[in-house]
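What follows is one structure encoded as C-alpha cells, with my remarks underneath.
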Amino acid sequence: MEYNFREIEQKWHQYWVAQQTYKVKEDSAKKKFYVLNMFPYPSGAGLHVGHPLGYIASDIYARYKRLQGFNVLNPMGYDAYGLPAEQYAIQTGQHPAVTTEANIARYREQLDKIGFSFDWSREVRTCEPGYYHWTQWAFQQMFGSFYCNKCQSAQPIEKLVEHFEHEGTANLDVAQSEELSFTANEWNSWDEKKHSDVLMNYRIAYLGETMVNWCPALGTVLANDEVVDGVSERGGYPVEQKKMRQWCLRVSAYAQRLLDGLDTIDWTDSIKETQRNWIGRSEGAEIFFRLKESDEGFTIFTTRADTMFGVTFMVLAPESELVQKVTTPEQKAEVEAYLAYVKKRTERDRISDKKVTGVFSGSYAINPFTGESNPIWISEYVLAGYGTGAIMAVPAHDSRDYAFAKHFGLPIVPLVEGCDVSEESFDAKEGIVCNSPRAGVKPYIDFSLNGLTIKEAIAATKQYVKEHHLGRVKVNYRLRDAIFSRQRYWGEPFPVYYKNGIPTMIPEECLPLQLPEVDKFLPTETGEPPLGNAKKWAWNEATRTVVNCSEIDNQTVFPIELNTMPGFAGSSAYYLRYMDPHNDKALLSKEADAYWQNVDLYVGGTEHATGHLIYSRFWNKFLKDLGVSVCEEPFKKLVNQGMIQGRSNFVYRINDLSHEKGHPVFVSFGLKDNYSDVTPIHVDVNIVSADVLNVEAFKAWRPEYADSEFILEDGKYVCGWAVEKMSKSMFNVVNPDLIVERFGADTLRLYEMFLGPVEQSKPWDTNGIDGCHRFLKKFWNLYWTKDGQISATEGEPTKEELKALHKLIKKVTADIEEFSYNTSIAAFMIAVNELQTLKCTNKQVLEQLAILIAPFAPHIAEELWAVLGHSTSVCDAQWPSFNEKYLVEDTVKMMVAFNGKTRFGIDFPAGTDNATIEATVRSHEQTPKYVGDKQIVKIIIVPGRMINIVVK
RNA sequence: GCCCAGAUGGUGGAAUUGGUAGACACGAGGGACUUAAAAUCCCUUGGCCAGUGAUGGCCGUACGGGUUCGAUUCCCGUUCCGGGCACCA
C-alpha cells in the first residue's frame with residue numbers, strides 16, 4: 001500500500017473542518033492549557049518556511065497536551081495594522097483594508113496546508129472594529145487612571161481629584177511626569193482647562209510634550225524600540241529628536257512591577273536580562289547643589305554618592321531647563337552657539353562620533369560636602385531624559401567625566417587608595433576610600449569616608465544625605481514612557497475629541513470609533529496626519545455621532561484626534577481577547593478570564609523582547625489593576641524560536657570567457673578556482689537540488705541565460721552556497737507550499753523540527769528532507785502487508801515489542817516537555833527500525849504508535865488510527881504512559897575505573913542487588929591484576945550506571 | 001566598552017547534565033535487485049598508526065591551564081562567531 005500523502009492530507013483537512021475537531025469551549029471538568037503563537041503581520045510576500053517553525057513547535061505541544069486530557073486553547077489571528085500596507089496604499093492608492101484582507105486570505109490558505117490545530121472560530125484581527133473597540137476602551141481606562149505608588153496599582157483619576165480638592169499635592173505619592181506643588185485652594189480656584197492640563201501630569205494615558213524620535217521620511221514618530229542605531233527599524237530612514245505633543249502611556253509607573261514579575265515567569269535568562277537592561281533600575285541618591293551666591297540650585301542624581309569629595313565640575317544636559325537659569329550674560333553667546341550645534345545633530349551623529357563637546361555656563365555650584373565651588377558646564381553627554389538632567393562630575397572615577405576633564409583641562413581628584421588615574425579613570429566599585437576629605441584641608445562638614453570600602457561609603461553617604469536633608473535616596477529607571485501617537489492612517493483611531501483645547505473621551509457606549517475614509521493616505525498639505533484628509537471626522541456631542549468636519553462650531557461639534565495608535569496597541573491584549581473573542585459587552589467575560597487565566601506557553605521570536613513583550617506585560621498589569629485580567633503576568637512560559645535563515649546558491653560566471661564567446665559561461669563550484677575572473681551570481685534556490693543546478697530550468701529562468709554554456713564536474717553543475725537572510729533579492733526564499741506539494745505537510749512538520757533545536761537559528765537546507773519523508777514511508781509500511789492488507793494482528797505484544805514501544809513513550813514524553821523535538825523524532829526513527837526488525841504487527845503496539853506520532857504528523861496518524869478501525873479522531877485518544885518494568889535491561893553493565901587509567905566492564909543480571917555487585921567487584925578475578933598493591937577503600941554504586949572504585 | 005548565549009566529523013546535530021563522545025539524519029563510498037533508471041534494501045564512513053584478517057594502539061569536543069579515578073560537561077585564562085544594551089551618571 002503506497003503512502004499517498006496528498007490524498008490523506010486533503011481527506012483529514014476536510015474531516016477536521018467538518019467535525020470542528022479543534023473548536024474548544026470552556027469546560028470546568030477539564031484542566032485548561034493555553035498555547036499561543038505571536039500572531040503574524042500578514043505581509044504581501046506570504047509565508048516562507050521560517051514562519052511555521054514556531055507554529056509547528058507549539059502545535060506539537062498543543063496536540064500533546066490535548067492527548068493528555070487538557071482542554072487546550074490554541075488560537076490564531078492577525079496583527080493587521082501596520083506600515084507596509086499603508087506604504088503600499090500611498091504608492092498605489094489601494095486601500096490598506098483591501099490589501100490586508102487579501103494577504104490574510106493568502107496566509108490562511110498557506111497555514112491550512114500545514115495541519116495546525118488552531119481553533120479558527122476564535123480568530124482575531126486587530127483592524128476590525130469589533131476588536132479595536134477594546135483597544136480604544138483600554139486606552140480610555142488608562143486615561144481615566146493614575147498610578148498610586150503606595151498601593152502599587154492604578155486607581156481611578158477621580159480619587160486623585162478628590163485628594164487635590166482637600167490637600168492639594170500634600171502627602172501625594174503617585175507616578176507623575178514632573179513633581180508639581182499646589183494647595184487645595186489653588187486647585188479649587190483653577191478652571192476646567194487648567195484642571196485638564198494638571199491631570200495630564202498623572203494620567204496613565206496622557207498628552208505630553210516630549211522629545212520624540214521623529215522620522216521625516218516616514219512622516220511619523222517612532223517608539224524607542226522602533227529605532228535601531230539612529231535609523232528607523234522599518235526602512236532604515238534617519239530619525240531626529242523633536243519636541244512634540246503626543247499621547248503617551250505611563251509605562252514607567254510599572255517599572256518595578258515589570259522588573260519583579262520577571263522572577264516569577266519561565267522565560268529564558270537572556271530575554272529576562274534584556275528586559276532588565278531595558279528597565280534599567282539603578283539605586284542612587286539625589287543631592288541638592290546650591291548655586292554660588294544664590295539660594296537657588298538644582299538636584300543631581302548619582303549612584304556613586306561615595307565620590308562627593310571628588311567632584312570637580314557639574315554638567316547639565318543641553319535640553320535642561322536649568323541652562324537658561326545658570327548661563328551668565330558673558331557666556332550667553334557661547335552657550336547659544338553650542339545649543340544650536342547640539343540641536344542640529346541627529347541621534348545618529350551622536351552615536352557615530354562620540355567626540356567630547358561642551359561649553360561653560362559661567363556659573364558655579366557649591367558642593368554641600370566640601371563647600372567648594374564647582375564650575376557648571378553644559379554638554380550633550382548628559383541626557384535630559386534620565387535622572388534630573390544634571391550630574392556631578394567625578395573624573396577620577398567615571399570614564400565619561402574623565403574624557404571631559406582631560407579635554408577641557410579640569411582637575412581630577414582620585415578617591416581610592418592606590419588607584420592610578422593618570423591614563424584613565426578608575427570606574428570599578430572596589431577599593432578603600434581616601435581623600436574624603438583630603439588631608440590638610442579644613443573639613444567643611446563633620447563627615448569622613450576615609451578608610452571605608454566603596455560599598456560602605458555609598459551607604460554612609462546616603463545615610464548622611466537623608467539625615468541632613470541634603471537630598472534623598474532615589475531609585476531611577478531607564479524605562480521611558482511609551483509614545484502612543486503615530487501620524488499614520490492605518491491604525492486604531494483615538495476615541496478622543498478636543499473640546500476647546502480640552503481632550504475629551506468619546507462616551508464608552510459610543511465605541512468603537514471607526515476609522516474614517518480618506519482620499520489620500522499621505523499627511524495633509526499643512527502637515528497634519530493622514531486623518532486630516534478625512535471629511536467626516538468631527539464629534540457632535542448632542543447627537544453623539546461622527547459628523548462632517550465642516551460642521552465644527554466648537555459649541556456642540558468638535559474636531560476628533562488625528563493621530564492613530566501604534567502597532568503595539570492592538571497586540572498588547574490580544575491573548576485576552578482570544579479567550580472570549582465575540583463578546584460585544586466587554587473585552588472578555590469574567591468567566592472566560594477565570595477559566596483561561598493566562599498563556600501557559602507562548603512561542604515567538606526574540607525580536608519583541610523590548611517591544612511587544614514589555615508593552616503586553618504593562619497592559620496586562622494595568623488590566624489586572626482594573627480587575628479585568630486575573631493574572632499579574634500574561635505569559636507564564638516563553639519559548640523563543642530561532643530564525644530560519646536562507647541558504648543561497650550561487651553560479652559562477654567566467655567573465656572574460658563569457659565576453660569572448662558572446663554568451664554566459666558558468667563553471668561548476670569545484671572548478672572555479674581554475675579561472676581568475678569569476679563572478680558569483682545568486683541563483684533561485686528552487687531550481688537547485690542538493691546544490692546541483694537544474695540546467696534546463698536555469699536557462700528558462702532568465703532570457704539572458706537562455707544560451708548559457710556550462711563547465712561541469714562529474715557531469716553535474718554544482719552550485720556554491722552561503723547562509724544569508726531569507727529574502728526575495730537573494731533568491732533564497734523557500735515557500736512552504738512547495739514542500740507540502742512535494743513531500744506533504746507531515747514531512748514538512750517533521751523536517752522543520754528535525755533540523756535542530758527550536759530555539760536555535762539555522763539555515764534552511766532541504767538536503768535532509770528525504771530522510772524525514774523516508775521515515776514516514778517506513779512508518780506507514782509498518783501498518784501494511786506486502787500485498788496491501790492491514791498488517792495489524794490481535795493478541796498480546798512480545799517482550800521485545802513492549803520494550804521498543806515503552807522506550808519510545810518515555811523518550812518522546814520527556815522530549816516534548818523539554819521542547820526537544822529533534823531528539824524525539826530520532827527516537828521514532830530508532831523505534832520504527834526496531835519494530836520493523838521485530839516484524840511487529842501487534843495491533844496494541846501499532847495503536848499506541850499512531851497516538852505517539854499524532855502531535856508531529858497529525859494526518860498520517862489520523863489515517864492509520866482510522867485504518868486500525870477507530871471511528872473517532874486520534875486527537876481524542878489518550879496519550880500512552882510508559883511502564884518502567886518493560887525497560888529493565890537484561891544485564892546491567894558496570895564500568896570500573898582505577899586511577900583513571902584502566903577500565904573494564906562486568907555484566908550483572910538484571911535486578912542484582914548492590915551488595916552482590918560490590919562483593920563481585922571485590923572478588924573479581926581481574927581486580928587484583930589492575931589494582932596491584934593498592935587497596936580498595938570505597939565502592940560507589942549507582943544502580944543502572946557505574947561503579948566508582950576509589951583506591952588508595 | 002558592558003551584559004548574555006555559543007564553538008563537537010564533510011554537513012545538520014546527539015550525549016541520561018561528571019561516566020564507552022559522535023545517537024538520528026544528510027552527504028559520500030561500496031554492494032544487492034534491475035536491460036537501465038527511479039524506488040527499495042544491506043555494508044563502510046572522526047583522524048592517524050600497526051595487522052592478510054578478526055582486531056589492537058594513539059590522538060580527538062575552538063585554544064592554553066586547573067579540579068577529578070574519570071571532563072564535551074565544572075573552574076580560570078585566551079581566540080573566534082552570534083544576540084542585547086550602549087554616553088543611563
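In the text below, chain A, chain B and the rest are named by the order of the sequence lines, each starting its count at 1. Just so you know, these numbers come straight off a predicted model, no measurement behind them.
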For U52(B), is chi within 90° of 0 (syn) or not (anti)? anti
If I pick the P atom on C74(B) and the same atom on G18(B), what distance separates them, to the nearest angstrom? 7 Å
With rounding to whole Å, what would you report as the distance between U45(B) and G64(B) at their C1' atoms? 32 Å
Would you confirm whether the ring centroid of F313(A) sits within less than 6.0 angstrom of the ring centroid of F404(A)? yes
When you look at Q256(A) and Y477(A), which way does the side chain to side chain donor-acceptor pair (under 3.5 Å) test go after all the steps? CA-CA 9 Å; Q256(A) 191 59 47; Y477(A) 300 91; 2.3 Å; yes
Evaluate the criterion side chain to side chain contact (heavy atoms under 4.5 Å, CB included) for residue pair I287(A) and T302(A); output intermediate values, then yes/no. CA-CA 8 Å; I287(A) 299 170; T302(A) 181; 4.2 Å; yes
I need the residues from residues 300-307 of chain A with at least one non-hydrogen atom less than 4.0 Å from RNA chain B; give them sorted by number, or say none. F301(A), T302(A), T303(A), R304(A)
Of the options C3(B), A89(B), A39(B), whose atoms approach the side-chain atoms of V382(A) most closely? A89(B)
Gap between atoms CG and C1', on L750(A) and C24(B) respectively (whole Å): 12 Å
Here the gap from M38(A) atom CE to H608(A) atom NE2, rounded to the nearest 0.5 Å, amounts to 6.0 Å
Test applied, side chain to side chain contact (heavy atoms under 4.5 Å, CB included); reference residue, P395(A); option that passes from V421(A), L410(A), I412(A): I412(A)
Expressed in angstrom and rounded to an integer, what is the separation of N822(A) atom CG from G12(B) atom P? 14 Å
Distance check needed: G12(B) P versus F754(A) CZ, whole Å only. 13 Å
Rounded distance in Å - NZ (K777(A)) to C1' (C41(B)): 13 Å
Nearest-nucleotide pick for T610(A), side chain only, options being G13(B), C85(B), A89(B): C85(B)
Return the orientation label for the Y3(A) and H773(A) ring planes: parallel under 30°, perpendicular over 60°, tilted otherwise. tilted
From the set C85(B), C26(B), A89(B), return the single nucleotide nearest to any side-chain atom of L383(A). A89(B)
Looking only at U40(B), C4(B), A89(B), the nucleotide nearest the S270(A) side chain is C4(B)
Both Q836(A) and A384(A) contact RNA chain B. Which one's nearest nucleotide lies toward the 5' end? Q836(A)
If you measure from the P atom in A14(B) to the same atom in A71(B), how many Å do you get, rounded? 23 Å
Kindly say if R276(A) contacts the phosphate of G84(B), meaning a side-chain N or O under 4.0 Å from OP1 or OP2. no
C58(B) and A7(B): how far apart are their C1' atoms, nearest whole angstrom? 25 Å
Among C4(B), G13(B), C85(B), the one nearest any side-chain atom of E273(A) is C4(B)
Return the value, rounded to whole Å, for the distance between atom CH2 of W764(A) and atom C1' of C26(B). 14 Å
Would you say the ring centroid of F775(A) lies under 6.0 angstrom from that of F754(A)? no
Quick one, R276(A) with D263(A), criterion salt bridge (charged side-chain N to carboxylate O under 4.0 Å, His left out). Give me CA distance, side-chain angles, the key distance, then yes/no. CA-CA 11 Å; R276(A) 284 194 192 102; D263(A) 296 330; 3.2 Å; yes
For G30(B), glycosidic torsion class - syn if within 90° of 0, otherwise anti: anti
Check against side chain to side chain donor-acceptor pair (under 3.5 Å), T823(A) and D815(A): CA-CA 7 Å; T823(A) 52; D815(A) 280 352; 2.9 Å; yes
With RNA chain B as reference, determine whether G756(A) or I391(A) sits nearer its 5' end, using the nearest nucleotide of each. G756(A)
Could you tell me whether the phosphate oxygens of G6(B), OP1 or OP2, come under 4.0 Å of any side-chain nitrogen or oxygen in Q760(A)? no
Inter-nucleotide C1' distance (G53(B), U17(B)), Å rounded: 41 Å
Taking atom C1' in both G22(B) and U16(B), compute the distance separating them and give it to the nearest angstrom. 16 Å
Evaluate S252(A) against D481(A) for side chain to side chain donor-acceptor pair (under 3.5 Å), listing each step before the verdict. CA-CA 5 Å; S252(A) 60; D481(A) 288 347; 2.5 Å; yes
Categorize R480(A) for me: base, sugar-phosphate, or nothing, with a 4.0 angstrom heavy-atom threshold over every strand shown. base
Go through A23(B), C26(B), C87(B) for me and flag the one nearest to the A826(A) side chain. A23(B)
Rounded interatomic separation in angstrom, taking OH from Y386(A) and C1' from C85(B): 14 Å
Say we look at G9(B) and A62(B): how far apart would their P atoms be, to the nearest angstrom? 8 Å
Roughly how many Å is it from CD1 in I830(A) to C1' in A14(B), rounded to a whole number? 10 Å
Nearest of A89(B), A25(B), C85(B) to any side-chain atom of N833(A)? A25(B)
With a 4.0 Å cut-off on heavy atoms, is K811(A) in touch with a base, just the backbone sugar-phosphate, or nothing at all? nothing
Side-chain H-bond candidate by donor/acceptor type, D401(A) with Y381(A), under 3.5 Å: yes
Nearest-neighbour nucleotide for the M829(A) side chain, A15(B), C85(B), A25(B) considered: A25(B)
Mutual orientation of the aromatic rings belonging to F408(A) and W377(A) [parallel < 30°, tilted 30-60°, perpendicular > 60°]: tilted
Spacing of the P atoms in A15(B) and U8(B) (rounded, Å): 15 Å
Spacing between D765(A) atom CG and C26(B) atom C1', to the nearest angstrom: 8 Å
For a stem of at least 3 consecutive Watson-Crick or G-U pairs with distances under 3.5 Å, i pairing with j, i+1 with j-1 and so on, which stems involve RNA chain B? B:1-4 with B:82-85, B:10-12 with B:24-26, B:27-32 with B:40-45, B:46-50 with B:55-59, B:62-66 with B:74-78
Are OP1 or OP2 of A5(B) and a side-chain N or O of T268(A) less than 4.0 angstrom apart? no
Side-chain contact check for R774(A): nearest option of A15(B), G13(B), U40(B) is U40(B)
